[in-house]
Amino acid sequence: MQLVVARIGRAHGIKGEVTVEVRTDEPELRLAPGAVLATDPATAGPLTIETGRVHSGRLLLRFEGVSDRTGAEALRNTLLIAEIDPEELPEGEDEYYDHQLIDLDVVTADGTEVGRITEISHLPTQDLFIVERPDGSEVLIPFVEEIVAEIDLEEQKAVITPPPGLIDDRAEIASSREEAADGDETPDGDETARGEEP
């Protein structure tokens, strides 16, 4: 199975180095010197990593056969793709490959169905599950320990403990209650929020 592990950015210096946007939790394994990677577009590769180093917080790579800035610039925006065994698991205990999480059912701790993971969005600060709800709408679930309580690959589900307002309209109801306190009529649905923690 193929896994995108990085995207090549701009050239760095004049000796063929490039910056890369890392898209793997295991760069030391996937982007190590000697690694041979397929590319998208395929015509750019395969590429063999000759050297790698971190400079000002960014990973810089040099590939065999690319020795000048012109060659490095020609690789800009190329995706680097590693071939992995579909059964292989990441080294970290709470780490997963995207393909393991896509299509998992998302449920709350009490078993309420939320939807199905259709995509993983990798942001600089955290990863997000993009979850399609039964009605076709989408909800974004931060992949953080406080919210995602369990990933069960055998049962094909992710159990979440969402804060108020993340997957429902409780936040909207609370704002309606504030309007009612200002003299407006009590909104329908006020009872829905009663007794819930703020």
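Positions are given from 1 along the sequence.
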May I have all residue pairs that pass ring pair (Phe, Tyr, Trp, His ring centres under 6.0 Å) and include part of residues 147-167, sequence neighbours excluded?
none
For Pro33 and Gly52, the nearest pair of non-hydrogen atoms, with its separation, is CG-N, 4.3 Å
How many angstroms lie between CD1 in Ile120 and CG in Leu128, if you round to the nearest 0.5 Å?
9.0 Å
Quick one: side-chain hydrogen bond (donor to acceptor under 3.5 Å, both in side chains) pairs with a partner in residues 6-15, sequence neighbours left out?
Arg7-Glu21, Arg7-Asn77
In the hydrophobic clustering that connects Ile, Leu, Val, Met, Phe, Trp and Tyr at side-chain heavy-atom distances below 4.5 Å, which members other than Leu60 occupy its cluster, ordered by chain and number?
none
Closest approach of Leu166 and Val139, non-hydrogen atoms and distance?
O-CG2, 3.4 Å
In this structure, CG of Leu61 is separated from CD1 of Ile8 (nearest 0.5 Å) by 7.5 Å
For Pro134, all residues meeting side-chain contact (heavy atoms from CB on, under 4.5 Å), sequence neighbours excluded:
Glu113
Side-chain heavy atoms of Leu153 within contact of Ile151, under 4.5 Å
yes
Test item: Val114 and Ile160 side chains (from C-beta on) under 4.5 Å apart, heavy atoms:
yes
Listing request: all side-chain hydrogen bond (donor to acceptor under 3.5 Å, both in side chains) pairs with a residue in residues 150-163, at least two apart in sequence or in separate chains.
none
Within 6.0 Å of CD1 in Ile14, more than 12 heavy atoms from elsewhere
no
If you compare all heavy atoms of Pro41 against all heavy atoms of Thr78, which two are closest, and at what distance to 0.1 Å?
CD-OG1, 4.3 Å
Go through the structure and list residues passing side-chain contact (heavy atoms from CB on, under 4.5 Å) with Ser137, not counting sequence neighbours.
Arg133, Asp135
Are the side chains of Val5 and Leu31 in contact, using a 4.5 Å heavy-atom criterion?
yes
Contact summary for Ala32 and Ile49, nearest pair of heavy atoms
O-CB, 3.7 Å
Could you tell me which residues satisfy side-chain contact (heavy atoms from CB on, under 4.5 Å) with Val36, sequence neighbours excluded, listed by chain and number?
Pro46, Thr48
Do you reckon Val4 sits in the same ILVMFWY cluster as Val20, going by side-chain contacts under 4.5 Å, direct or chained?
no
With sequence neighbours left out, the residues meeting salt bridge (Lys or Arg N to Asp or Glu O under 4.0 Å) with Arg53 are Glu17
What's in the same ILVMFWY side-chain cluster as Val107, cut-off under 4.5 Å, chained through other members?
Val159
Measure the spacing between CD of Glu119 and CD1 of Ile117 and express it to the nearest 0.5 Å.
11.5 Å
Rounding to 0.5 Å, atoms CZ (Arg30) and CG (Leu80) come to a distance of 13.0 Å
Please report the closest heavy-atom contact between Val66 and Ala72, naming both atoms and the distance.
CG1-N, 3.6 Å
Which residues satisfy the ring pair (Phe, Tyr, Trp, His ring centres under 6.0 Å) test with Phe63, sequence neighbours excluded?
none
Any heavy-atom pair between the side chains of Val22 and Leu59 that's under 4.5 Å?
yes
Who passes salt bridge (Lys or Arg N to Asp or Glu O under 4.0 Å) against Asp103, sequence neighbours left out?
Arg116
Is any side-chain heavy atom of Val148 closer than 4.5 Å to a side-chain heavy atom of Phe129?
yes
To the nearest 0.5 angstrom, please state how far the CG atom of Leu75 sits from the OG1 atom of Thr39.
8.5 Å
Taking the side chain as every heavy atom from C-beta outward, state whether Pro162 and Thr108 have any atom pair closer than 4.5 Å.
yes
Residue pairs, two or more places apart or on separate chains, that pass salt bridge (Lys or Arg N to Asp or Glu O under 4.0 Å) and touch residues 56-78
Glu73-Arg76
What distance separates Leu79 CG from Ile81 CD1, expressed to the nearest 0.5 Å?
6.0 Å
